[in-house]
Amino acid sequence: MSSPNVEHELIPPLQMTEYMLGGAVLGISFPLILTSSYYFVVDKSNRLIRALKFIMASCFFIKTALLTSFDTYNVPCEQYGRTVSLLYHIAMVCGNMVLLERLAAIVRPNLKKYARAFEFFILALRFAVGIWDTLSVYSGEQAGGYCLYIDKALVGSVYTTIDTFVDLYVTVCICVILVRHMKRLNIDGMATRTNIRTYFAVTFVNSFRTAILTVVNLLAAIAMGSRDQFVPLVHVLWPLTNYIFILLVGYDADLTKAVRELPGKTKAGLRQQRENSSTPHHTPTPTNA
């Protein structure tokens with residue numbers, strides 16, 4: 001008996017890459033949802049950061065699941081497209097707020113109100129651009145019944161630039177704060193190997209995150225600003241950017257905690273040194289028995 005000839009439709013390599021990256025985003029988002037919600041309940045410290053990470057991971061998870069369903073037949077394309085866009089921008093606003101909160105935690109008290117004001121301004125601007133993108137995004141049905149999602153080049157370039165600027169701003173400010181503090185430690189003779197290693201680790205992690213996110217954001221902006229033949233790259237670079245952003249921001253260690261603790265110890269040590277140096281040392285005089 002001859003078996004009937006069955007033609008198997010192969011998935012294009014670009015689409016297969018999109019599926020793989022989408023699965024990676026789902027896989028890295030779900031554990032972050034669980035851990036951030038768990039520690040939010042059991043630990044009262046840093047609850048704002050954990051709430052932001054929970055919202056960010058949840059939005060990325062739902063957004064990626066919906067975007068993957070674009071390749072299924074007969075789904076409400078316009079509603080899906082606008083929901084995907086809104087979830088993405090909410091996630092990015094929360095992620096940017098995590099970075100800015102890390103910076104605000106180590107800013108000097110007299111400058112904290114200015115840092116908070118700038119944080120409010122840049123986050124409000126980022127959210128406004130996100131709403132603009134959600135209203136202007138095109139998501140329609142193709143001839144085969146599948147959905148097509150196209151981001152406007154101008155809007156995409158604007159919010160990508162804002163995201164890159166926020167990350168660069170946080171990294172530069174943290175590095176400046178660390179350099180100034182290390183200079184004070186050196187002048188006071190209190191620089192130790194532990195301090196140097198701590199500051200080096202914080203600087204390296206922030207610089208590494210900025211370099212990676214700048215590259216992927218730049219590639220995404222170029223892809224969105226290009227013509228039709230480069231549009232499919234957005235569907236690969238978008239989940240790739242999401243994955244790296246979740247990995248570097250959602251799973252970041254609070255290295256600034258060590259920085260917050262060291263200045264307090266430094267000031268206490270200086271006060272102790274001043275007290276010791278200002279206290280006169282009395283030598284006991286022998287008494288005649």
Side-chain donor-acceptor pairs of residues 113-125 under 3.5 Å, sequence neighbours excluded:
{"residue": "Arg116", "atom": "NH1", "partner": "Glu101", "partner atom": "OE1", "Å": "3.1"}
{"residue": "Arg116", "atom": "NH1", "partner": "Glu101", "partner atom": "OE2", "Å": "2.4"}
{"residue": "Arg116", "atom": "NH1", "partner": "Glu119", "partner atom": "OE1", "Å": "3.3"}

For residues [X] and [Y], determine if any side-chain heavy atom of one lies less than 4.5 Å from a side-chain heavy atom of the other.
X      : Y      : result
Asn242 : Tyr88  : yes
Leu99  : Val249 : yes
Tyr243 : Leu21  : no
Leu66  : Ile62  : yes
Lys53  : Thr35  : no
Thr64  : Ser29  : no
Thr214 : Leu168 : no
Leu103 : Ile177 : yes

Handout entry: Step-by-step side-chain contact (heavy atoms from CB on, under 4.5 Å) determination, Val158 to Ile162
Key = CA-CA 6 Å; Val158 171; Ile162 295 176; 4.2 Å; yes
Exercise for the section: Walk me through it: do His89 and Tyr159 pass the test ring-ring contact (aromatic ring centres under 6.0 Å, His included)? Expected result: CA-CA 9 Å; His89 293 300; Tyr159 69 69; 4.8 Å; yes
Using 0.5 Å steps for rounding, measure from the [atom1] atom of [X] to the [atom2] atom of [Y].
X      : Y      : atom1 : atom2 : value
Ile106 : Lys112 : CD1   : NZ    : 9.0 Å
Thr171 : Arg102 : OG1   : CZ    : 13.0 Å
Phe127 : Cys94  : CZ    : SG    : 9.5 Å
Leu87  : Ile55  : CG    : CD1   : 12.0 Å

Does [X] belong to the same Ile/Leu/Val/Met/Phe/Trp/Tyr cluster as [Y], with side-chain heavy atoms less than 4.5 Å apart forming each link?
X      : Y      : answer
Tyr38  : Ile246 : no
Leu48  : Phe40  : no
Val172 : Val166 : no

Handout entry: Check: Thr134 main-chain N/O paired with Arg82 side-chain donor or acceptor under 3.5 Å
Key = yes
Exercise for the section: For side-chain contact (heavy atoms from CB on, under 4.5 Å), just list the numbers for Phe60 and Ile28, CA-CA rounded to whole Å, side-chain angles, deciding distance to a tenth of an Å, and then say yes or no. Expected result: CA-CA 10 Å; Phe60 274 131; Ile28 200 173; over 6 Å; no
Exercise for the section: Would you indicate whether Tyr39, at its atom OH, is surrounded by more than 12 heavy atoms from other residues, nucleotides or ligands within a distance under 6.0 Å? Expected result: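 Counting neighbours around OH of Tyr39, 12 or fewer heavy atoms of other residues, nucleotides or ligands fall under 6.0 Å, so no.
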Practice task
Might you work through the side-chain contact (heavy atoms from CB on, under 4.5 Å) test for Ile33 and Phe61, ending with a clear yes or no?
Solution key: CA-CA 9 Å; Ile33 295 173; Phe61 186 90; 4.1 Å; yes
Practice task
Using side-chain contact (heavy atoms from CB on, under 4.5 Å) as the criterion, list what pairs up with Asp43, not counting sequence neighbours.
Solution key: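 Once residues adjacent in sequence are excluded, the partners of Asp43 under the side-chain contact (heavy atoms from CB on, under 4.5 Å) criterion are Ser45, Arg50.
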Handout entry: Candidates Ile212, Thr210, Asn96, Leu248 - the one meeting side chain to side chain contact (heavy atoms under 4.5 Å, CB included) with Asp167
Key =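 Exactly one pass, corresponding to Thr210.
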Problem - Contact summary for Arg126 and Val93, nearest pair of heavy atoms - result: CG-CG2, 3.8 Å
Handout entry: Non-hydrogen atoms of Gly156 and Thr160 that approach each other most closely
Key = O-OG1, 2.6 Å
Exercise for the section: May I have the step-by-step check of side-chain contact (heavy atoms from CB on, under 4.5 Å) for Leu86 and Ile131, ending in yes or no? Expected result: CA-CA 7 Å; Leu86 182 61; Ile131 297 297; 4.1 Å; yes
